[in-house]
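What follows is a single structure, written as structure tokens, with notes after it.
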Amino acid sequence: QVQLVESGGGLVQAGGSLRLSCVASARTFNRYAMGWFRQAPGKEREFVAAFSWSGDSTYYADSVKGRFTISVDNAKNTVYLQMNSLKSEDTAVYHCAVRARGSPYGLGSSYKDWGQGTQVTVSS
């Protein structure tokens with residue numbers, strides 16, 4: 001298993017930015033297998049962003065396209081989620097997770113290892 005620790009969440013005004021980090025405690029695994037989900041209280045868990053397995057492409061939920069960017073720093077075993085132009089609708093607990101090759105990137109059931117989550121609150 002891969003241990004994942006998210007950080008970088010907090011309170012930000014609408015229109016502001018945050019960068020979330022997810023540090024993986026493993027040396028041998030595909031960093032591009034990591035993706036981001038979010039969940040607000042009482043709502044279904046929602047896919048946010050992921051890489052293709054090879055890392056040559058990225059995928060985003062329609063609701064965050066053009067505003068969020070997923071990236072990876074292999075040397076630091078860290079995946080980032082840069083969030084710009086934040087909206088109140090982005091308020092949620094954000095989780096990073098690792099999926100197996102061949103599993104659909106947009107399904108939570110594809111991911112086996114999850115971080116504890118970091119809270120993002122966007123105020124107006």
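Side-chain atoms of T91 come within 3.5 Å of backbone N or O of V122 as a donor-acceptor pair. Judged purely by atom type and a 3.5 angstrom limit, E6 uses its side chain to pair as donor or acceptor with the backbone of G117. Under the 3.5 Å distance criterion, the side-chain polar atoms of D113 are left unmatched by any main-chain donor or acceptor of V98. In this structure, S110 contributes its side chain and R99 its backbone to no donor-acceptor pair below 3.5 Å. In terms of modelled atom types and a separation under 3.5 Å, the side chain of N30 and the main chain of W53 share a donor-acceptor contact.
Checked against a 6.0 Å centroid threshold, the rings of Y111 and F37 count as neighbours. Side-chain rings of F47 and Y105 approach one another, their centers coming within less than 6.0 Å.
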Please determine whether side-chain contact (heavy atoms from CB on, under 4.5 Å) holds for the pair S7 and T118, giving the CA-CA distance in whole Å, both sets of side-chain angles, and the decisive distance to 0.1 Å. CA-CA 6 Å; S7 63; T118 185; 5.5 Å; no

Starting from the C-alpha separation in whole Å, work towards a yes-or-no answer on side-chain contact (heavy atoms from CB on, under 4.5 Å) for I70 and Y32. CA-CA 10 Å; I70 187 171; Y32 300 116; over 6 Å; no

I would like to know whether V5 and Q116 meet side-chain contact (heavy atoms from CB on, under 4.5 Å); could you show each step before the answer? CA-CA 7 Å; V5 179; Q116 84 289 345; 4.2 Å; yes

Please determine whether side-chain contact (heavy atoms from CB on, under 4.5 Å) holds for the pair H95 and R45, giving the CA-CA distance in whole Å, both sets of side-chain angles, and the decisive distance to 0.1 Å. CA-CA 10 Å; H95 299 264; R45 182 171 56 193; 5.8 Å; no

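Hydrophobic clustering of Ile, Leu, Val, Met, Phe, Trp and Tyr side chains at less than 4.5 Å, counting indirect connections, unites V12 with M83. There is a path of hydrophobic side-chain contacts, each under 4.5 Å, that joins M34 to Y60. Linking ILVMFWY side-chain heavy atoms closer than 4.5 Å, directly or via other members, places V72 and Y59 in two distinct hydrophobic clusters. Grouping the Ile, Leu, Val, Met, Phe, Trp and Tyr side chains by contacts below 4.5 angstrom, directly or via other members, places Y80 apart from W36. Note: the hydrophobic cluster containing L18 does not contain V93 (ILVMFWY, side chain heavy atoms under 4.5 Å, direct or indirect links).
To the nearest 0.5 Å, the span separating CG on L20 from CZ on F68 amounts to 8.0 Å. In this structure, T121 OG1 and D90 CG are separated by 11.0 Å, a value rounded to the nearest 0.5 Å. Within the model, atoms NZ of K112 and OG of S103 stand 7.0 Å from one another, a figure rounded to the nearest 0.5 Å. Atom CZ of residue R19 and atom CG of residue N84 lie 11.5 Å apart, to the nearest 0.5 angstrom. Distance OG/S124 to CG/L86: 13.0 Å, rounded to 0.5 Å.
Residue pairs satisfying the disulfide (SG to SG under 2.5 Å) criterion with at least one member in residues 35-87, sequence neighbours excluded, are absent.
Around atom CD of Q119, more than 12 heavy atoms belonging to other residues, nucleotides or ligands sit under 6.0 Å away.
A97 and L4 get closest at one heavy-atom pair: CA-CD1, 3.6 Å.
Between D62 and K65 there is a salt bridge, with a side-chain nitrogen of the basic residue lying less than 4.0 Å from a carboxylate oxygen of the acidic one.
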